[in-house]
Amino acid sequence: MPLAIVHSRALTGVQAAGVTVECDLGPGLPTFAVVGLAETAVKEARDRVRSAIQNSGFEFPARRMVVNLAPADLPKEGGRFDLPMAIGILAASGQLPAAALAKLEMIGELALDGGLRPVTGTLSSTLAAGQANRAILVPQGNAQEAAFAQSTPVFACANLAEAVAHLRGTDRLPEVIADAEAQESAIPYPDLHDVRGQESAKRALIVAAVGGHHLLLSGPPGTGKSMLAARLPGLLPPLRRSEALEVAAIHSLQENGFDIRHWGRRPFRSPHHSASSAALVGGGSHPRPGEISMAHHGILFLDEMPEFPRAVLEVLREPLESGEIHIARAARRAIFPARFQLVAAMNPCPCGHFGDPQQMCRCTPAQISQYRSRLSGPLLDRIDIQLEVPTLPVSALQEAAQGESSTYWRERIAQAVDRQWQRQQARNAQLQGERLAQFCALDAVGTRLLSRATETLHLSARGYHRVLRVARSIADLEGSDPISTQHLAEAIQYRRLAQTLMR
């Protein structure tokens, strides 16, 4: 049979687009051409495929060969098409049955000795193969990652010879089953009970966990801001399966792939303040996800937030609202999910002691103004909860730890989150339009209170709606259907810091 067709996948952002690998053997001088908008790494597959076939004990046809990667207008990159090309050539030359390829997809990079190396984006490819009602054949190093998709039969091989034996039916590969024991044993999160004092900050952290709200903590150095942020993942409810798949698919795009030991765990990303805009939101000639996408369904922690360049911080404005990031390049475009929860920490001034009763501030008014100006008003307006974290007296540090543990609060928060999903199929921070008006309705007293607060604090329409969402989360934490004036008053208090920072 001079023509064979093999199904594979190319990565476009976090999605895996179908690619048909067509291998044709014709008369003429022996040549090997790869067409179909293939980049350099794909074209170099000619030499890898030739050596892998020969070193695996198969015959490399001495004929005119053309490998077409369709569709032709879809860019192809990496070594993921090595295995489909080799299998297509062997099928076209009659060395294995072409009929076995109809209901199977495959990806994998070949070594010169015929071994298979893992590739990125395996989870996305497996999910897409399942939607196309095809099984998938992957390198052994991607086996468990693919199996966790649980969407289609997964077969894994260590080399080209094993793949051919499977397709010939002489030595069938066993279907890979997800190994639950391979997941990381439950690593305990830092406990909220360890934080001394700072009851207001603890309360704000809990409210943020309930509704998925963005949080800004401001205070002198050493007051526990970073310590509080590190305890937020331990308060959040576990990922739903659909969310866990989204998180794993994004991390699967990284060079080392997805570590299955982290399956189901919420990401916690803490980039250094020297990170560029591209590092934060993603980019490159072949777009890759940035920190905000790696934090999808998890936490993005920006410590010393004003130390980030203002231009870098401003790129957060769009994804904070939309939950996704659009990256456009000359020849490529990609959309990555970025539904993260922002937690930021900052000092009130460059020296960190403005307003600190225990230590005098050394900064001039101009220095303080310049420092705070790195945070624009529109960016601050998108942060739901903003709180000052004061310096603790020595007596508070010497007292025994008080308050409930993270385990206690995680159970209560999970109940509040379940209430949100049953009521509106979304977290409170995502309420928009009619659903916001429906589920955050106020009585006459609450309406007047919020109107006065809007005038006094000069809240924007965005700030007005964010107060409503936070009040809804406070009510859910208390198990209340209506939003009371006490819930609303607490939510209003969380907007006062922005007015101080923007002065």
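Using modelled atom types, one side-chain atom of Arg266 and one backbone atom of Pro237 make a donor-acceptor pair closer than 3.5 Å. Of the possible donor and acceptor atoms, none in the side chain of Glu59 sits under 3.5 Å from a partner among the backbone N and O of Pro61. Asp191 contributes no side-chain N or O that, together with a main-chain N or O of Asp194, makes up a donor-acceptor pair within less than 3.5 Å. Side chain of Arg168 to main chain of Gln95: a donor-acceptor pair is present (N/O by atom type, distance under 3.5 Å, no hydrogens or angles). Distance alone, capped at 3.5 Å, is enough to place a donor-acceptor pair between the Lys76 side chain and the Leu69 backbone.
Contact annotation: the side chain of Asp384 never approaches that of Tyr494 to less than 4.5 Å [non-hydrogen atoms, C-beta and beyond]. At a threshold of 4.5 Å between non-hydrogen side-chain atoms, the residues Ile299 and Leu236 count as touching. With contacts defined as side-chain heavy-atom distances shorter than 4.5 Å, the pair Leu160/Asn55 does not qualify. Contact check for Val19 versus Leu74: side-chain heavy atoms found under the 4.5 Å cut-off.
Environment of CD in Glu324: crowded, with over 12 heavy atoms of neighbouring residues, nucleotides or ligands closer than 6.0 Å. Enclosure of atom CD in Gln425 by more than 12 non-hydrogen atoms of other residues, nucleotides or ligands within 6.0 angstrom is indicated. Few gaps surround CZ on Arg412; more than 12 heavy atoms of other groups in view lie less than 6.0 Å from it.
Interatomic distance, SG of Cys157 versus CG of Leu137, reported as 4.0 Å (0.5 Å rounding).
Counting only residues at least two apart or in different chains, salt bridge (Lys or Arg N to Asp or Glu O under 4.0 Å) contacts with residues 83-92 are absent.
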Item to complete: Take Ser124 and Arg9 through the test side-chain hydrogen bond (donor to acceptor under 3.5 Å, both in side chains) and record every step on the way to the result.
Response: CA-CA 9 Å; Ser124 297; Arg9 294 280 163 180; over 6 Å; no
Item to complete: Go through the steps to decide whether Leu216 and Met346 satisfy the test side chain to side chain contact (heavy atoms under 4.5 Å, CB included), and finish with yes or no.
Response: CA-CA 8 Å; Leu216 172 62; Met346 63 174 289; 4.0 Å; yes
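Remark: Arg374 engages Glu307 in a salt bridge, criterion side-chain N to carboxylate O under 4.0 Å. With respect to the salt-bridge test (charged N to carboxylate O, under 4.0 angstrom), the residues Arg423 and Asp476 qualify. A salt bridge links Glu321 with Arg382: the closest approach of a Lys/Arg side-chain nitrogen to an acidic carboxylate oxygen falls below 4.0 angstrom.
Seen from the ring of Trp421, Arg240 counts as a face-on cation partner, given the 6.0 Å and 45° thresholds.
Shown here are the ring pair (Phe, Tyr, Trp, His ring centres under 6.0 Å) partners of Phe155, two or more places apart in sequence or in another chain: His166.
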Atom pairs and distances, donor-acceptor, side-chain atoms in residues 29-43, under 3.5 Å, two or more places apart:
{"from": "Glu39", "atom 1": "OE1", "to": "His286", "atom 2": "NE2", "distance (Å)": "3.0"}
{"from": "Glu39", "atom 1": "OE2", "to": "Gly78", "atom 2": "N", "distance (Å)": "3.0"}

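Pro267 pairs in a side chain to side chain contact (heavy atoms under 4.5 Å, CB included) with only one of the listed residues (His262, Glu291, His251), which is His251.
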